[in-house]
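All values derive from a computational prediction rather than experimental measurement. Along the sequence shown, the residues carry numbers beginning at 1.
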Amino acid sequence: MKYLLFLLAVLLPSVSWCEDIWSGTKVFPTNWTGWEKLDDSCFSNAVAGKLLRFKYNDLKVGASATLYKSDWTTIPGIDGYVELQGNHVDIPVTQSLVQELKRDGCIVFGQGFTMTSVQIIGIDEVSRLKQSVPLVNDWLWTENAKPRISIDISNPTNAAATANAELIIQTDKLKPCTTLKKSVAVSALGNVSVSFDLNIEPGFYQCTALVNDELARTFTIGYAPERIVSPPDMQPDFHTFWQEAKSQLAATPMDITMSVIPSKSTPNRTVYLIEVRSVSDQTGEAFMRAYYAEPTGNGTYPALIHFLGHDTGNLEPYCMGGDDLPGYAEMYVSIRGQFINNRPPFTNPYGKNGDDYFIYGFGNKENYYYRGAFLDAVRAVDFLCTREKVQKDNIFAEGSSQGGTLAIVAAALSDGRVKAIAPSVFFMSDFPNYFQITAWPGTEFIKQKELLGMTDEEMYKMLSYFDMKNLATMIHCPVYMNFSLHDDMCPPYTNWVFYNNLASTEKKYLNNPTLGHQTPDNWWSEFLDFFADYMNTEGIEDPQMVGRTSAQSYYTLDGRRLPETPRRPGIYINNGKKVVVR
């Protein structure tokens, strides 16, 4: 919503400069069926230069809202939906907005909150204090540490003021936890810092810091995540299910086809488009396709598998160059129906919507899309094991989002052939909690459950075969996990449930305290160095060719690394920050 100011606060009694133009209890459900018409009479006293304040409470996961004209067309200057935080949002009242509101009012439309009032307030009455929350301890404390949050407050005016500081803490499921308050005097042109010591249970928390109703910061913290307990919930036939699936894969001829890509190949490596047959499903034959770069030199080489994230259908499948990582045999894997398998001349048989992968065959573990997709990840390892130049004891795997999930699957189901993995911001972990913490893609699973008439118990039983917290018990190789505290798509709680259920004792993690569902710029060098630590370097002519790199990298939002500075328009991640290329 253009020109939107996020001013989050707890409810306070009305003051003289605040006019209530609507009040009540209007529930906006999470299924996008809630709306409220505000008549033109509500805005009879509205004038340009004021603020239109919408107050709400009882926020749900994915809470968001926008304004429409009474005919459900967009209002000029208000474009898109706003993610709701705290308990109110302010919109500056412009002359054009006044005219629109007085002509025919507006419609409030959204999901996941309860609207309690709409007010007109004066901008001059908003507190002039400045406030911020400094990052401390990367907002992640271990069991033996004491979490403490500080709010820095400055007074740029020539008059002393009182600062009412608040820290509102909710669980990652947005359940109220506690609200801490302190009032301090701030001298003219002075500065103060207010600190709050937290007494919280192991887990992750959403925090909102305010001073005199003004937002200082919203952020996520974690405390003692190593003590989070969500035990495996696999069914009695879990291991039998996957053993039979792997036996079916082993009985399926690979029928490998390799086509050289001259434009990508160099004297260092030959780059191929490969096609490998995998287990068929209800759509018919299925293939794992990939771009594969193999060194041209003598001897054997370690191998690195990159599993790609969820395919939305609007990105060109990435293909490496021959000189990008010359010390490795390297693969960028496209599982069935995605990326290479979803671009001409190949077609995606699982539906045209990017969400169709989640729901294809849902309800039947034998026919579910991810049964075959997971076997495609194993097939990538099978392929590498056929290559004479690949060191079979030096196969590594990484990926972000769905790609991180597939890296986990490759380690769990490949009978120890993967040496180490580096999954980043991955999904499909701890489904029962996952669906309570975040909205998408959980909404797609739940929608399909309801269409099929399944109970929650039946849904979670089926999904337990594809849950990373259960596959974690089958992983014994070293693991380097990357997660982001502000990830609202693959939340840190679910990543840590996987981590805590790992059979492997050789594990570590990288925390990104300010990122969302993103991969930090340094992740490339981080996981390469991690793999180098566990690599058997016997027979490698130049160990410096495999890892130990600090080259700056750019990533797409789905976690794919680019070999150079991006030139195509889009949003990318560089050094942990979003970069917009126009």
Please confirm whether [X] and [Y] have ring centers closer than 6.0 angstrom.
{"X": "Tyr68", "Y": "Trp35", "value": "no"}
{"X": "Trp139", "Y": "Tyr223", "value": "no"}
{"X": "Tyr332", "Y": "Phe307", "value": "no"}
{"X": "Phe362", "Y": "Phe358", "value": "no"}
{"X": "Phe466", "Y": "Tyr370", "value": "no"}
{"X": "Phe113", "Y": "Phe28", "value": "yes"}

Between [X] and [Y], does any side-chain donor sit less than 3.5 Å from a side-chain acceptor?
{"X": "Arg336", "Y": "Ser278", "value": "yes"}
{"X": "Ser230", "Y": "Lys469", "value": "yes"}
{"X": "Asn341", "Y": "Arg289", "value": "yes"}
{"X": "Asp467", "Y": "Asn470", "value": "no"}
{"X": "Ser265", "Y": "Thr270", "value": "no"}
{"X": "Thr220", "Y": "Gln206", "value": "yes"}
{"X": "Thr300", "Y": "Gln391", "value": "yes"}
{"X": "Asp393", "Y": "Asn536", "value": "yes"}
{"X": "Glu526", "Y": "Tyr480", "value": "yes"}
{"X": "Glu83", "Y": "Tyr81", "value": "no"}
{"X": "Asp281", "Y": "Asn367", "value": "no"}

Worksheet item: Among Thr283, Asn342, Asp356, whose side-chain contact (heavy atoms from CB on, under 4.5 Å) with Pro349 holds?
Response: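 Of all the options given, the one that passes is Thr283.
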
Could you state the interatomic distance from [atom1] ([X]) to [atom2] ([Y]), rounded to the nearest 0.5 Å?
{"X": "Leu406", "Y": "Met428", "atom1": "CG", "atom2": "CE", "answer": "9.0 Å"}
{"X": "Leu308", "Y": "Tyr291", "atom1": "CG", "atom2": "OH", "answer": "10.0 Å"}
{"X": "Thr30", "Y": "Gln111", "atom1": "OG1", "atom2": "CD", "answer": "6.0 Å"}
{"X": "Ile395", "Y": "Cys477", "atom1": "CD1", "atom2": "SG", "answer": "11.5 Å"}
{"X": "Ile408", "Y": "Ile475", "atom1": "CD1", "atom2": "CD1", "answer": "6.0 Å"}
{"X": "Asp430", "Y": "Asn433", "atom1": "CG", "atom2": "CG", "answer": "4.0 Å"}

At their closest point, which heavy atom of [X] faces which heavy atom of [Y], and how far apart are they?
{"X": "Met468", "Y": "Ser429", "answer": "CB-CB, 3.8 Å"}
{"X": "His306", "Y": "Glu330", "answer": "NE2-OE2, 2.7 Å"}
{"X": "Thr455", "Y": "Lys449", "answer": "O-CD, 4.0 Å"}

Worksheet item: Given the rule in the salt bridge (charged side-chain N to carboxylate O under 4.0 Å, His left out) test, do Asp382 and Arg379 qualify, once you have shown the distances and angles that lead to the verdict?
Response: CA-CA 5 Å; Asp382 292 342; Arg379 187 103 288 185; 3.1 Å; yes

Worksheet item: Below 4.0 angstrom, N of the basic side chain to O of the carboxylate: do Arg269 and Glu294 qualify?
Response: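 Salt bridge absent between Arg269 and Glu294.
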
Is the [atom1] atom of [X] crowded by more than 12 outside heavy atoms at less than 6.0 Å?
{"X": "Glu201", "atom1": "CD", "value": "no"}
{"X": "Lys447", "atom1": "NZ", "value": "no"}
{"X": "Lys26", "atom1": "NZ", "value": "yes"}

Worksheet item: Phe287 versus Phe346: any side-chain heavy-atom pair under 4.5 Å?
Response: no

Worksheet item: Between Arg343 and Asp311, does a salt bridge (charged side-chain N to carboxylate O under 4.0 Å, His left out) hold up when you go through it step by step?
Response: CA-CA 11 Å; Arg343 307 294 188 275; Asp311 181 17; 3.0 Å; yes

Practice prompt. Determine which pairs satisfy side chain to side chain donor-acceptor pair (under 3.5 Å) with at least one residue from residues 483-503, sequence neighbours left out, and list them in order.
Written response: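 Sorted result for residues 483-503: Ser484-Asn512, Asp487-His517.
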
Practice prompt. Please state whether the rings of Tyr369 and Tyr357 are parallel, tilted or perpendicular, taking 30° and 60° as the class boundaries.
Written response: tilted

Item to complete: Using the six-membered ring wherever Trp is involved, compare the ring planes of Trp523 and Phe527 and label them parallel, tilted or perpendicular (cut-offs 30° and 60°).
Response: perpendicular

